[in-house]
> 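Right, I'll just put the structure down here and ask away after.
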Number of protein chains: 2
Amino acid sequence: MDPIDRKILGFLREDATRTYADMAAHLHLSPPALHDRVKKLKARGVIRRTTVDLDPEALDRSFCAFVHVETEGYAKDVLKDVAEADPAVEEMHGVAGSSSAILKVRTRDAAGLEELLRRLFETGAVRRTESFVVLRTYLERGISP
Amino acid sequence: MDPIDRKILGFLREDATRTYADMAAHLHLSPPALHDRVKKLKARGVIRRTTVDLDPEALDRSFCAFVHVETEGYAKDVLKDVAEADPAVEEMHGVAGSSSAILKVRTRDAAGLEELLRRLFETGAVRRTESFVVLRTYLERGISP
DNA sequence: GGTGAAAGATCCCGCAT
DNA sequence: ATGCGGGATCTTTCACC
């Protein structure tokens, strides 16, 4: 992981369709040398996968919220099952603090969120939830190398 | 946005390095027809960009937390400046509820989080913060088509 | 939306530093 | 161990039906 690798990761995060030849030129490297580095970064798991960023509005998921969940005892497993089964749930983190878990959720509208809350309570494992509805997203970039 | 487009988006989210020929075969389409659809999805902004998922540990960002920020009055702009300037901040959302904003943060360790909190308070715009340290991430997938 | 072909990128291998 | 040059192979991306 030298500075050149960092720059490569930066390039790929910005636009993973860039050609190796193009990036190599910017880094004063030959295309095969760059290709070699990328291959190693993938093999070492630094690069997990290449994917696409999608527009939530176009997919009918304009509504975004963070849901704090407090469970009865340790009930992460049942929580995870519900979260995983629902495509509206993008993230689930177990956290320290007053909540047991934080969910990041994207639904069509507020009714979609209520649907999810109903399913959460139906498990019997949830004591209470607190939802923070996103009014505006100011920043949403991934990890920066 | 027909069912075929949805499937294309699903394929690309899983692995954007798949060849058009491969995906086309799975969808009983010719490569150019598929290429055309992808081009249109990009032009319409449904596909925002192609990028890579990186391993936080490899980038020395093993520590993750959600920070709720309560400001003096409406101070989103100054908050955004601090958030944007700090590569540790991945997301910033203005929310309804007891907090004014939620930040998703990735740092090397707890000390890195405290650094950020110091910078936030130094703006003079922050009344209080509440940080939820992530103990374990159970789910972290992007949006699902 | 399909076909065929040209332009271009990937990604080997062998060699050198 | 890492980088370079050449070249085979495969993909993308035309123009045309």
Side-chain angles (χ1 to χ4, degrees), chain A residues 1-61 87 108 140-145, chain B residues 1-62 87 106 108 140-145:
Chain A
M1 271 299 268
D2 57 11
I4 295 177
D5 279 340
R6 299 242 173 208
K7 280 189 184 171
I8 293 172
L9 296 177
F11 282 145
L12 289 177
R13 271 211 62 80
E14 260 182 50
D15 179 9
T17 68
R18 285 183 73 164
T19 67
Y20 290 151
D22 181 21
M23 288 189 290
H26 281 264
L27 297 171
H28 308 287
L29 239 62
S30 72
L34 191 115
H35 179 244
D36 225 47
R37 281 174 176 268
V38 173
K39 217 165 53 177
K40 279 174 189 162
L41 287 167
K42 284 182 178 168
R44 286 167 44 204
V46 179
I47 297 173
R48 288 184 163 153
R49 62 169 181 170
T50 87
T51 181
V52 287
D53 279 358
L54 303 179
D55 176 20
E57 314 247 341
L59 295 166
D60 224 34
R61 298 196 186 282
R108 176 187 172 75
E140 193 166 26
R141 58 186 171 197
I143 195 164
S144 323
Chain B
M1 270 299 270
D2 57 9
I4 294 178
D5 279 340
R6 300 242 171 209
K7 279 188 185 172
I8 293 172
L9 295 177
F11 282 148
L12 289 178
R13 271 211 61 80
E14 260 183 50
D15 178 9
T17 68
R18 284 183 73 165
T19 67
Y20 290 149
D22 181 21
M23 288 189 290
H26 281 265
L27 297 171
H28 308 288
L29 240 62
S30 72
L34 191 116
H35 179 247
D36 222 47
R37 281 173 176 267
V38 173
K39 214 165 56 177
K40 279 174 188 160
L41 286 167
K42 285 182 178 168
R44 286 170 43 206
V46 178
I47 297 174
R48 288 184 162 151
R49 62 169 181 169
T50 311
T51 183
V52 287
D53 278 359
L54 303 179
D55 176 19
E57 315 247 340
L59 295 167
D60 224 33
R61 298 196 185 283
S62 308
R106 277 193 196 278
R108 175 188 173 75
E140 193 166 26
R141 59 186 171 195
I143 195 164
S144 321

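Order of the sequence lines sets the chain letters (A, B, ...), proteins ahead of strands, with each chain counted from 1. Fair warning: this is a prediction, and the values are worked out from it, not measured in the lab.
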> Between A:Lys42 and B:Val52, does the side chain to side chain contact (heavy atoms under 4.5 Å, CB included) criterion hold? Intermediate values first, please.
CA-CA 10 Å; A:Lys42 284 182 178 168; B:Val52 287; 5.9 Å; no

> May I have all residue pairs that pass salt bridge (Lys or Arg N to Asp or Glu O under 4.0 Å) and include part of residues 20-36 of chain A, sequence neighbours excluded?
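Residue pairs passing salt bridge (Lys or Arg N to Asp or Glu O under 4.0 Å), neighbours aside: A:Arg18-A:Asp22, A:Asp36-A:Lys40.
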
> Quick one: do B:Leu12 and A:Thr51 satisfy side chain to side chain contact (heavy atoms under 4.5 Å, CB included)? Show the steps, please.
CA-CA 6 Å; B:Leu12 289 178; A:Thr51 181; over 6 Å; no

> List the residues meeting salt bridge (Lys or Arg N to Asp or Glu O under 4.0 Å) with A:Glu14, not counting sequence neighbours, and say none if there are none.
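Applying salt bridge (Lys or Arg N to Asp or Glu O under 4.0 Å) to A:Glu14 gives none.
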
> Go through residues 31-38 of chain B and report each residue with a non-hydrogen atom lying under 4.0 Å from DNA chain D, sorted by number.
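Heavy-atom contacts with DNA chain D come from B:Pro32, B:His35.
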
> Check the distance between C:dG2's C1' and B:His28's NE2 and give it to me in whole angstrom.
16 Å

> Answer yes or no: is there a donor N or O on one side and an acceptor on the other, between the side chain of A:Arg13 and the main chain of A:Ile143, under 3.5 Å?
yes

> Looking at C:dT10, I'd like to know if its phosphate oxygens (OP1 or OP2) sit under 4.0 Å from a side-chain N or O belonging to A:Lys39.
no

> Below 4.0 angstrom, which residues in residues 13-20 of chain B have at least one non-hydrogen atom near DNA chain D?
B:Thr19, B:Tyr20

> Measuring only between side-chain heavy atoms, which start at C-beta, is B:Leu54 closer than 4.5 Å to B:Arg61?
no

> Set out, in order, the CA-CA distance, both residues' side-chain angles and the distance that settles side chain to side chain contact (heavy atoms under 4.5 Å, CB included) for B:Asp55 and B:Leu59, then state yes or no.
CA-CA 7 Å; B:Asp55 176 19; B:Leu59 295 167; over 6 Å; no

> Going 5' to 3' along DNA chain D, which are the first and last nucleotides with any atom under 4.0 Å from a heavy atom of chain A?
D:dT2 to D:dG6

> Check this for me: A:Arg6, atom CZ, are more than 12 non-hydrogen atoms of other residues, nucleotides or ligands nearer than 6.0 Å?
yes

> Atom OG1 of B:Thr19 and atom NE2 of B:His35: how far apart are they, to the nearest 0.5 Å?
12.5 Å

> Strictly below 4.0 Å, N to O, side chains only: are B:Arg48 and A:Glu140 in salt-bridge contact?
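No, this pair does not count.
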
> Which angle, rounded to 10°, do you find between the first-five-pair axis and the last-five-pair axis of the helix from C:dG1-D:dC17 to C:dT17-D:dA1?
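Here the helix ends are tilted 40° relative to one another.
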
> Assign the ring pair A:Phe11 / A:His26 to parallel, tilted or perpendicular, where the plane angle (0 to 90°) is split at 30° and 60°.
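The rings of A:Phe11 and A:His26 stand perpendicular, inter-plane angle above 60°.
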
> Below 4.0 angstrom, N of the basic side chain to O of the carboxylate: do B:Asp5 and B:Arg37 qualify?
yes

> I need the minimum non-hydrogen distance between B:Gly10 and B:Pro145, along with the two atoms involved.
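That closest heavy-atom pairing would be N-CG, 3.6 Å.
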
